[in-house]
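A short write-up of the structure that comes next.
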Amino acid sequence: LAIYSFAYSLERDNFQTVAMLGGRLGLYNQPDLSHVFERLYVLKPTTVLGVPALWTSLHQLYEGRVDHMRRTVGGSREAAEQATLDELATSFGPQLEVVSSGTAPLTPAVREFLWRLFPEAFIGEGYGTQETGLITLENVVQPGVTVRLRDTMEYTSRDKPWPRGEICVKTPSLVGGYEDALQGEVSSSSFSKGGRLDGFFATGDVGELRKPKAIRRRGASGRRKASAPPPSLHVIDRVKSLFKLSNGEYVSPLALEAIY
């Protein structure tokens with residue numbers, strides 16, 4: 001089921017892949033997500049590329065049904081949770097293999113809920129932009145992608161235990177800039193020229209870059225070689241979402257938006 005707009009490169013790529021493999025694609029063309037679960041019940045897809053709003057809505061539906069069952073039927077919360085999980089999983093059909101989410105991070109509670117709801121499916125969270133393409137999958141920086149952080153407000157490369165800052169990336173599919181009306185100030189602030197960030201795109205997201213230590217292993221020749229797992233990138237905020245209080249403290253509303 002295609003929930004993203006075709007303005008997203010991810011959905012266009014998905015459409016092309018499905019078409020080339022002889023599959024079928026359902027298009028959700030409503031302005032909001034109020035009817036999406038009805039469509040899923042009819043379609044019973046193998047893959048759902050969703051957004052956090054979709055999975056958060058499903059989690060809220062789950063919590064509401066659990067509470068309703070306990071008030072009307074009684075019994076333990078564990079029994080009500082399992083009955084609700086079984087009911088919701090059945091509505092997606094037996095063919096579901098891939099569940100994904102993008103555009104913004106899932107909350108830990110919603111992610112854990114998806115693991116419980118779809119224990120046999122692959123659940124993946126991707127991160128990227130229209131300008132760069134895919135940057136991370138399951139927080140792991142993808143091959144060919146270079147990530148650097150730029151200090152911004154209270155986030156710096158000196159933060160402990162991991163450096164934090166605005167995510168700047170260079171990818172194999174990075175666009176060269178914006179056209180016509182978007183040229184000028186917007187383009188120059190997003191596409192860096194000169195210095196350590198020359199050729200990098202500034203995403204506007206704040207991230208925490210974790211680089212695991214190298215592990216020394218003995219190779220076939222008997223020599224020990226050091227190899228490090230790929231770095232992981234965790235999106236923790238938006239640069240422009242921060243606002244400053246009268247006492248000088250920066251506050252982010254993202255955590256509140258995820259709850260309310």
Side-chain angles (χ1 to χ4, degrees), residues 1-5 8 10-11 13-15 17-18 23 25-28 30 32-70 76-129 134-142 205 207-208 210 230 232-238 254-260:
L1 178 64
I3 296 174
Y4 292 96
S5 162
Y8 287 91
L10 172 63
E11 199 61 87
D13 292 344
N14 180 56
F15 172 76
T17 301
V18 170
L25 190 73
L27 302 178
Y28 183 74
Q30 300 297 315
D32 56 53
L33 296 173
S34 59
H35 299 287
V36 68
F37 298 118
E38 299 171 15
R39 305 296 190 272
L40 285 167
Y41 181 80
V42 173
L43 189 62
K44 292 183 169 47
T46 57
T47 302
V48 179
L49 303 182
V51 293
L54 170 69
W55 305 122
T56 300
S57 176
L58 185 62
H59 182 241
Q60 292 171 347
L61 177 64
Y62 158 78
E63 292 287 354
R65 289 188 180 182
V66 168
D67 291 341
H68 176 74
M69 184 177 294
R70 294 198 68 195
S76 67
R77 179 173 180 84
E78 290 75 14
E81 287 180 351
Q82 191 57 55
T84 305
L85 287 171
D86 292 342
E87 180 183 357
L88 291 176
T90 301
S91 67
F92 278 80
Q95 304 178 124
L96 191 63
E97 296 178 0
V98 177
V99 173
S100 77
S101 184
T103 74
L106 292 170
T107 64
V110 173
R111 188 168 175 81
E112 181 180 354
F113 161 69
L114 291 178
W115 283 335
R116 296 179 62 195
L117 181 61
F118 307 118
E120 303 299 325
F122 169 79
I123 299 175
E125 238 185 302
Y127 167 65
T129 72
L134 186 64
I135 298 173
T136 68
L137 183 61
E138 289 296 283
N139 296 324
V140 177
V141 177
Q142 295 300 284
D205 294 315
E208 182 178 81
R210 304 177 185 178
S232 63
L233 179 65
H234 301 257
V235 180
I236 58 175
D237 211 337
R238 283 285 298 172
L254 293 183
L256 294 177
E257 290 176 357
I259 299 172
Y260 302 104

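Source: prediction; values computed, not measured. No hydrogens, no waters, no symmetry mates; every other heavy atom, side chains included, goes into these values.
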Original post:
Does anything in residues 38-55 pair up under salt bridge (charged side-chain N to carboxylate O under 4.0 Å, His left out), and if so which pairs, sequence neighbours excluded?
Top reply: none
Original post:
Has F15 got more than 12 heavy atoms of other residues, nucleotides or ligands less than 6.0 Å from its CZ?
Top reply: no
Original post:
Got a sec, which residues hit side chain to side chain donor-acceptor pair (under 3.5 Å) with Q142, two or more places apart in sequence or on another chain?
Top reply: none
**OP:** Using side chain to side chain donor-acceptor pair (under 3.5 Å) as the criterion, list what pairs up with E78, not counting sequence neighbours.
**Re:** none
Subject >> Interatomic spacing from CG in L61 to OG in S91 - rounded to 0.5 Å >> reply: 8.5 Å
Subject >> Y41: ring-ring contact (aromatic ring centres under 6.0 Å, His included) partners, not counting sequence neighbours >> reply: none
Original post:
Is there a side-chain contact between V18 and T47 (heavy atoms, below 4.5 Å)?
Top reply: no
Original post:
Less than 4.5 Å apart, any side-chain heavy atom of T107 and any of T56?
Top reply: no
Subject >> Under the side chain to side chain donor-acceptor pair (under 3.5 Å) test, residues paired with E97 that sit two or more places apart >> reply: none
Subject >> Check: Y127 side chain, P105 main-chain N or O, donor-acceptor pair, under 3.5 Å >> reply: no
Original post:
Side chains of L117 and V99: does their closest heavy-atom pair fall under 4.5 Å?
Top reply: no
Original post:
Who are the side chain to side chain contact (heavy atoms under 4.5 Å, CB included) partners of F122, not counting sequence neighbours?
Top reply: V98
Original post:
Does any non-hydrogen side-chain atom of L40 lie less than 4.5 Å from one of Y28?
Top reply: no
**OP:** Nearest 0.5 Å please: distance from the NE2 atom of H234 over to the CG atom of N139.
**Re:** 4.5 Å
Original post:
What are the two closest heavy atoms between W55 and S100, and how far apart are they?
Top reply: NE1-O, 3.2 Å
Subject >> Heavy-atom closest pair, residues S101 and V51 >> reply: OG-C, 3.7 Å
Subject >> Reported CG-to-OG1 distance for the pair L134 and T136, which is rounded to 0.5 angstrom >> reply: 6.5 Å
Original post:
Can you list the residues that meet the side chain to side chain contact (heavy atoms under 4.5 Å, CB included) rule with L43, with sequence neighbours excluded?
Top reply: L1, P45
Subject >> side chain to side chain contact (heavy atoms under 4.5 Å, CB included) partners of E63, counting only residues at least two apart >> reply: H59, R77
**OP:** Tell me, please, which residues at least two apart from R70 pass side chain to side chain donor-acceptor pair (under 3.5 Å).
**Re:** none
Original post:
Do you know the tightest heavy-atom contact between L96 and A121?
Top reply: O-CB, 4.2 Å
**OP:** Report the residues that fulfil salt bridge (charged side-chain N to carboxylate O under 4.0 Å, His left out) with R111, sequence neighbours left out, ordered by chain and then residue number.
**Re:** E125, E138
**OP:** State which residues pass side chain to side chain contact (heavy atoms under 4.5 Å, CB included) with T84; sequence neighbours excluded, sorted by chain then number.
**Re:** Y62, R65, V66, M69, L88
Original post:
Looking at CZ of F118 and CD1 of I123, how far apart are the two atoms once the value is rounded to the nearest 0.5 Å?
Top reply: 7.0 Å
**OP:** Supply the atom-to-atom distance D205 CG to I236 CD1, rounded to the nearest 0.5 angstrom.
**Re:** 10.5 Å
Original post:
Which residue pairs pass the salt bridge (charged side-chain N to carboxylate O under 4.0 Å, His left out) test when at least one of the two sits in residues 49-59, sequence neighbours left out?
Top reply: none
